[in-house]
Amino acid sequence: MTPRDHTGAGDSMTGGLAVARTQGLSVSDALRLATAAGALNVTRRGRGTGAAMDVDVFRDHVEVRKVDSADLDLEAKRSAQQ
C-alpha cells in the first residue's frame with residue numbers, strides 16, 4: 001500500500017488500542033489491532049477512514065515479537081552514527 005496521509009494515524013492507533021483493551025484482548029493482540037488501525041489510516045486520505053473489516057485484514061499482517069535488548073543497543077548505535 002502507498003502512504004497517502006499520516007494525519008490521524010496516531011489517533012487511530014490509540015483508538016484501536018483502547019477498543020482492543022476494552023474487549024479484553026491480550027497485549028499482543030491489542031498491539032496488532034492498534035498497529036493495523038494506524039496503518040490503515042495512513043493508506044487513506046482524511047482522518048479515521050476505513051472500515052473495521054479493513055482493520056481486520058491489516059491486523060492479519062501485523063507481527064508482534066519480542067525485541068532482544070542487544071537489538072535495541074544496535075539501533076542506538078546506528079542512530080548515534082547518523
- Residues V64 and R32: closest non-hydrogen pair is CG2-CG, 3.4 Å
- Can you tell me how far the CZ atom of R65 sits from the OG atom of S28, to the nearest 0.5 Å? 12.5 Å
- What are the two closest non-hydrogen atoms of V55 and A37, and how far apart are they? CG1-N, 3.9 Å
- Item | For the student: nearest non-hydrogen atoms of G16 and L33, plus distance | O-CD2, 3.5 Å
- Query: Do you know which two heavy atoms are closest between T35 and M13, and how far apart they sit?
  - Reply: OG1-CE, 3.6 Å
- Item | Atom of S12, atom of N41 and distance for their closest heavy-atom approach | OG-OD1, 3.3 Å
- Item | Where A30 and R21 come nearest, the two heavy atoms and their spacing | CB-CD, 3.7 Å
- Task: Please answer: with hydrophobic residues joined when any side-chain heavy atoms are less than 4.5 Å apart, are L25 and L40 in the same cluster?
- Result: yes
